[in-house]
Amino acid sequence: MKIALVGIGKIAVDQHVPSLAASDDWELAATVSRAGTVDGVPSYKDLDTMLAENADVEVVSLCLPPVPRYDYAKACLEAGRHVMLEKPPGATLAEVYDLQALAADKGLTLFATWHSRMAKGVQAAKAALAGKTIETAHIDWKENVRQWHPGQDWVFEPGGMGVFDPGINALSILTEVLPAPVFLREAVVYTPENRQTPIKANLTFSGGVTAEFDWLKEGTQMWEMTFRTTDGDTVHLLEGGNECVVNDQQMPVAELGEYPALYARMAELVKAGESDVDLAPMVHVSDAMTLGRRVTAPAFEW
Ligand code: NAP
């Protein structure tokens, strides 16, 4: 299938372009970006022109930051194209519900992707926890924003989510592997005095689940979660969900990496005429913004 990529920036270059190039399912037929391009691929600065001139592009994958994404997604669906959304799927829940309804109305596929759910060890952890009762679970998602989002001011603007931009990846894994849903009970969100979005957050959920998100971690980066069950089992997810250890035993994991697996899933969804939109991770983030106690943190500069 022919696919177009919109928003040629960090994640498009790092992950989307190589994953498409390595896949037999896809041909990258066009890009849309104000500045970014991909060698050898026709590039457009304007979405409407790309859609008008490429009737054979069936699928559009949107790699923009969340705030501008809705308008692009709506235009693609209205032009009869299937749509794949980077995470988080939008700036607000309401606009994603609207896209979901529009895709259903038009008989098109909408895939709200969660790349961390495709991390290689996630299904092993889900299988290990199936049918169990969680006694406690803890998430440490601690990374250095200066290393992973250099100079990307949008992450600190309204809708950019701040530390919940990586934190929502952890929540996408949590909501996939837990055998029963949990609800946010308390949150503390730390926002730099000169910025609009949090740089650190501590969350307490029902069911003994806690999480610490920190965007100022220097040195070794940490993307880990540990689950203890009432049966006495311990399940560790390490390396952002790519390694799974159950009771000190390393589990076999999936072969495909996160983005190749997302594009394989998109191909399946289009062929099956289905959509996949699960907003559970984003609901937890919205809840943290609603329920969270605000703490002013020191100013942040790059
Ligand atoms: P980015 O590099 O800052 O932005 C991607 C591209 O989107 C930009 O290069 C820009 O291209 C275009 N863009 C930015 N603002 C725009 C606007 N207001 N209107 C239209 N186009 C705009 O961001 P990114 O790191 O790739 O992240 C994009 C999405 O991927 C986010 O939702 C993020 O959460 C997700 N993601 C990022 C990473 C990561 O490691 N960075 C990992 C996984 C997922 P032009 O200037 O050429 O138009």
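Just follow the structure's listing: the first ligand is 1, and inside any ligand the first atom is 1.
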Indicate, as side chain, backbone, both or neither, the part of [X] found under 4.0 angstrom from ligand 1 when only non-hydrogen atoms are considered.
X: Ile11; value: both
X: Tyr72; value: side chain
X: Arg34; value: both
X: Lys10; value: both
X: Pro68; value: side chain
X: Arg69; value: side chain

Requested in this report: State whether a side-chain donor-acceptor pair under 3.5 Å links Trp223 with Glu143.
Outcome: yes
Would you say the side-chain atoms of Tyr70 and Thr92 include a donor-acceptor pair closer than 3.5 Å? no
Point to revise | Any N or O of Ala12 closer than 3.5 Å to N or O of ligand 1 | key: no
Task: 4.0 Å heavy-atom contact, Phe164 with ligand 1 - done: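 No, Phe164 has no heavy atom closer than 4.0 Å to ligand 1.
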**Prompt:** Among all protein non-hydrogen atoms, which one is nearest to atom 29 (C) of ligand 1, and what is the separation to 0.1 Å?
**Reply:**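 The closest one turns out to be Leu64 O, 3.6 Å.
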Worksheet entry | Atoms of ligand 1, numbered as shown, that sit under 4.0 Å from any heavy atom of Asp165 |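 Counting from 1, the qualifying ligand atoms are 33 (C), 34 (O).
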Who's closest to atom 47 (O) of ligand 1 heavy-atom-wise, of Pro166, Gly9, Ser33?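 Nearest heavy atom to atom 47 (O) of ligand 1 lies in Ser33.
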Quiz item: Taking only residues two or more places apart in sequence, or in another chain, which ones meet Lys132 in a salt bridge (Lys or Arg N to Asp or Glu O under 4.0 Å)?
Solution: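 Lys132 satisfies salt bridge (Lys or Arg N to Asp or Glu O under 4.0 Å) with Asp231, Asp233 once adjacent residues are dropped.
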ask   = Is Asp153 atom CG crowded by more than 12 heavy atoms from other residues, nucleotides or ligands, each under 6.0 Å away?
value =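 Check passes, neighbour count above 12.
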Notebook entry, point to check: Quick one: side-chain contact (heavy atoms from CB on, under 4.5 Å) partners of Gln196, sequence neighbours excluded?
Noted result: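 So Gln196 forms a side-chain contact (heavy atoms from CB on, under 4.5 Å) with Pro158.
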